[in-house]
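One structure is given here, and the rest of the page talks about it.
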Amino acid sequence: QVQLVQSGGGLVQAGGSLRLSCAASGRTFSNNAMGWFRQAPGNEREFVAAITWSGGSTYYGDSVKGRFTISRDKSVNTVYLQMNSPKYEDTAVYYCAADRRLRTTVVSRTPAQYDYWGQGTQVTVSS
């Protein structure tokens, strides 16, 4: 069974730091771009960050640029989201996802382009 298993969410103070992990099992996603999205109550799912299959390029939503960092470690089939200086408005359920396309150099910011999703993890930033 193919799964993306997330960990690392929870409560964090504004200005602190938190790291989310997304570990793949059942297959490797080393040839897929990976992304992080988030969804707050009443809002649509929002693009946060993505990384190409090679790990050579990263992309960020405007609201997190300069504060969050996406990375991947293919040796353990895991993608990370390092959240530095989080703000209250970063509070949401965060999801990792795998792009369905193989070895694409164009990263998608659209949830519909991603086939596999993690279970979601709540991140709450206290002000």
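The figures here come from the full heavy-atom set of this structure, side chains too, leaving out hydrogens, waters and symmetry mates.
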Stepwise side-chain hydrogen bond (donor to acceptor under 3.5 Å, both in side chains) check, Asn31 with Arg103: CA-CA 5 Å; Asn31 291 315; Arg103 297 200 168 195; 2.9 Å; yes
Stepwise side-chain hydrogen bond (donor to acceptor under 3.5 Å, both in side chains) check, Ser54 with Arg72: CA-CA 9 Å; Ser54 66; Arg72 66 189 304 166; over 6 Å; no
Candidate pair Arg38 and Val64, rule side-chain contact (heavy atoms from CB on, under 4.5 Å), full reasoning: CA-CA 11 Å; Arg38 67 187 183 187; Val64 306; 3.8 Å; yes
Verdict with supporting geometry, Asn32 and Arg27, side-chain hydrogen bond (donor to acceptor under 3.5 Å, both in side chains): CA-CA 11 Å; Asn32 300 75; Arg27 59 161 283 186; 3.1 Å; yes
Derivation and outcome, side-chain contact (heavy atoms from CB on, under 4.5 Å), residues Val48 and Phe68: CA-CA 9 Å; Val48 175; Phe68 292 7; 3.9 Å; yes
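The shortest non-hydrogen separation linking Phe29 to Val2 is CZ-CG1, 3.6 Å. Looking at every heavy atom in both residues, Tyr94 comes nearest to Leu81 through CD2-CD2, 4.1 Å. For Val107 against Ala50, the heavy-atom pair with the smallest separation is CG1-CB, 3.1 Å. Scanning all heavy atoms of the two residues, the minimum distance from Asn43 to Gln39 falls at O-NE2, 3.0 Å. Closest approach of Ala14 and Ser127 over heavy atoms only: CB-CA, 4.3 Å. Nearest heavy-atom pair across Met83 and Pro86 is O-CD, 4.1 Å.
A donor-acceptor pair under 3.5 Å is absent between the side-chain atoms of Thr104 and the main chain of Leu102, judged by distance alone. Arg101 places no side-chain N or O within donor-acceptor distance of the main-chain N or O of Gln113, the cut-off being under 3.5 Å. Without hydrogens or angle criteria, Gln6 side chain to Gly120 main chain gives a donor-acceptor distance under 3.5 Å. Judged by distance alone, with hydrogens and angles left aside, the side-chain atoms of Thr28 form a donor-acceptor pair with the main-chain N or O of Ser30 at under 3.5 Å.
With rounding to the nearest 0.5 angstrom, the SG atom of Cys96 is 12.0 Å from the OH atom of Tyr80. With values rounded to the nearest 0.5 angstrom, Gln82 atom CD is found 7.0 Å from Arg19 atom CZ. Taking CG of Asp90 as the start and OG1 of Thr124 as the end, the distance is 11.0 Å to the nearest 0.5 Å. The CG atom of Asn84 lies 9.5 Å from the CZ atom of Arg67; values are rounded to the nearest 0.5 Å. In this structure, Tyr116 OH and Gln3 CD are separated by 11.5 Å, a value rounded to the nearest 0.5 Å. Taken to the nearest 0.5 Å, the OH atom of Tyr95 stands 13.0 Å off from the CG atom of Leu20.
Taking 4.5 Å as the limit, some side-chain heavy atom of Ile70 sits within range of a side-chain heavy atom of Val79. Val12 has its side chain out of reach of Ser126: every pair of non-hydrogen atoms, C-beta onward, lies at least 4.5 Å apart. Taking 4.5 Å as the limit, every side-chain heavy atom of Ser63 sits out of range of all side-chain heavy atoms of Lys87. Using a 4.5 Å heavy-atom threshold, the side chains of Gln122 and Thr91 count as touching. Side-chain contact between Val93 and Thr121 is absent, with no heavy-atom pair separated by less than 4.5 Å.
The aromatic ring centres of Tyr60 and Phe47 sit 6.0 Å or more apart.
Evaluation of the side chain to side chain contact (heavy atoms under 4.5 Å, CB included) rule for Ser57 yields Thr52, Tyr59 as partners, not counting sequence neighbours. The ring-ring contact (aromatic ring centres under 6.0 Å, His included) test applied to Tyr114 returns Phe37, not counting sequence neighbours.
Under 4.0 Å is where a charged nitrogen must lie from a carboxylate oxygen, and between Asp62 and Lys65 at least one such pair does.
By the 6.0 Å contact criterion, CD on Gln13 is open, its count of non-hydrogen atoms from other residues, nucleotides or ligands being 12 or less.
A cation-pi arrangement is found for Arg45 relative to Trp117, the charged atom lying closer than 6.0 Å to the ring centre and inside a 45° cone about the ring normal.
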